[in-house]
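Have a look at the structure below, then the notes.
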Amino acid sequence: QVQLVESGGGLVQAGGSLRLSCAASGRTFRRYAMGWFRQARGKEREFVAAIAWNGGSISYADSVKGRFTISRDNAKNTVYLQMNSLKPEDTAVYYCARSSGSGDLGSIDYWGQGTQVTVSS
């Protein structure tokens, strides 16, 4: 069983930055693509960013391009989401996810518990 534990969420003013981390259990982290999703209150969960197993392929939602950066450290079993120039509309619960494959997200087989990000105007 794989566990994904997010951290780094909080309250920040518009224009500020936060860095989310997602620590994964198990020794197979490096084999899988990882991603971040978010869900605002009253809305459906949406894709934010994804990174292939070796960092060779990265993708972002249009709404965060140029502001967010996804990265991973396979030695630490951790994936990160650096969020800059935050906007109130970025307010949501952010979830870490592990793909069942290595290249792109495809289907998700594990989710974290989520971390709240609140951006005040």
Side-chain angles (χ1 to χ4, degrees):
Q1 184 74 7
V2 172
Q3 289 188 319
L4 304 175
V5 180
E6 301 99 333
S7 60
L11 174 64
V12 64
Q13 288 188 332
S17 298
L18 283 174
R19 189 195 195 201
L20 305 184
S21 299
C22 171
S25 65
R27 294 183 288 181
T28 60
F29 173 82
R30 65 187 66 211
R31 299 180 187 174
Y32 298 97
M34 299 292 296
W36 289 94
F37 290 75
R38 67 186 182 186
Q39 186 168 18
R41 185 172 298 180
K43 295 187 177 181
E44 294 188 353
R45 191 172 298 188
E46 64 176 4
F47 167 76
V48 175
I51 186 167
W53 69 280
N54 61 353
S57 176
I58 289 175
S59 60
Y60 297 98
D62 287 343
S63 58
V64 307
K65 280 181 182 176
R67 301 187 298 121
F68 290 11
T69 302
I70 189 171
S71 62
R72 65 190 295 160
D73 185 338
N74 286 344
K76 295 183 178 180
N77 278 18
T78 302
V79 62
Y80 304 98
L81 186 68
Q82 177 67 44
M83 306 185 295
N84 299 329
S85 302
L86 282 161
K87 306 174 181 180
E89 51 264 44
D90 294 318
T91 295
V93 177
Y94 284 70
Y95 296 90
C96 175
R98 197 195 83 168
S99 171
S100 58
S102 61
D104 54 33
L105 280 184
S107 62
I108 302 298
D109 55 4
Y110 291 101
W111 293 93
Q113 83 287 351
T115 186
Q116 176 70 47
V117 171
T118 303
V119 185
S120 63
S121 56

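Treat the numbers as computed from the prediction; the structure is a model and nothing was measured.
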Residues which pass salt bridge (Lys or Arg N to Asp or Glu O under 4.0 Å) with Lys43, listed by chain and number, not counting sequence neighbours
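Lys43 satisfies salt bridge (Lys or Arg N to Asp or Glu O under 4.0 Å) with no residue once adjacent residues are dropped.
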From [X] atom [atom1] to [Y] atom [atom2], the distance as rounded to the nearest 0.5 Å:
X      : Y     : atom1 : atom2 : value
Ser102 : Arg30 : OG    : CZ    : 14.0 Å
Arg31  : Asn54 : CZ    : CG    : 14.5 Å
Thr69  : Ile58 : OG1   : CD1   : 8.0 Å
Phe47  : Ser63 : CZ    : OG    : 9.5 Å
Tyr94  : Leu81 : OH    : CG    : 7.5 Å
Gln3   : Asn77 : CD    : CG    : 12.5 Å

What about [X] and [Y], same hydrophobic cluster or not, with Ile/Leu/Val/Met/Phe/Trp/Tyr joined at side-chain heavy-atom distances under 4.5 Å?
X      : Y      : answer
Trp53  : Leu4   : no
Leu105 : Tyr110 : no
Ile108 : Val79  : no
Ile51  : Met83  : yes
Tyr95  : Val5   : no

Residue pair [X] / [Y]: nearest heavy atoms and the distance that separates them:
X      : Y     : result
Asp104 : Ala33 : O-CB, 3.6 Å
Val117 : Leu18 : CG1-CD1, 3.9 Å
Gln82  : Ser17 : NE2-CB, 4.0 Å
Val119 : Lys87 : CB-O, 3.3 Å
Tyr32  : Ser99 : CD2-O, 3.3 Å
Ala92  : Arg38 : CB-CB, 3.8 Å

So does Ser120 get a backbone contact from the side chain of Gln13, meaning a donor-acceptor N/O pair under 3.5 Å?
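Checked: no pair found.
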Electrostatic pair Asp62:Lys65 at N-O distance under 4.0 angstrom
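Salt bridge: yes.
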If the plane angle is over 60° it's perpendicular, under 30° parallel, otherwise tilted; pick one for Trp111 and Phe37.
perpendicular
What do the steps show when you test Tyr60 against Arg67 for side-chain contact (heavy atoms from CB on, under 4.5 Å), and what is the final call?
CA-CA 10 Å; Tyr60 297 98; Arg67 301 187 298 121; over 6 Å; no
Both conditions, 6.0 Å and 45 degrees, for the charged tip of Arg72 above the ring of Phe29: are they met here?
yes
Walk me through whether Ser21 and Thr78 qualify under side chain to side chain donor-acceptor pair (under 3.5 Å).
CA-CA 7 Å; Ser21 299; Thr78 302; over 6 Å; no
Does atom CD of Gln116 have more than 12 heavy-atom neighbours, drawn from other residues, nucleotides or ligands, at distances under 6.0 Å?
yes
After noting the C-alpha distance and the side-chain angles of Thr28 and Arg98, does the key distance pass the side-chain contact (heavy atoms from CB on, under 4.5 Å) rule?
CA-CA 11 Å; Thr28 60; Arg98 197 195 83 168; 3.8 Å; yes
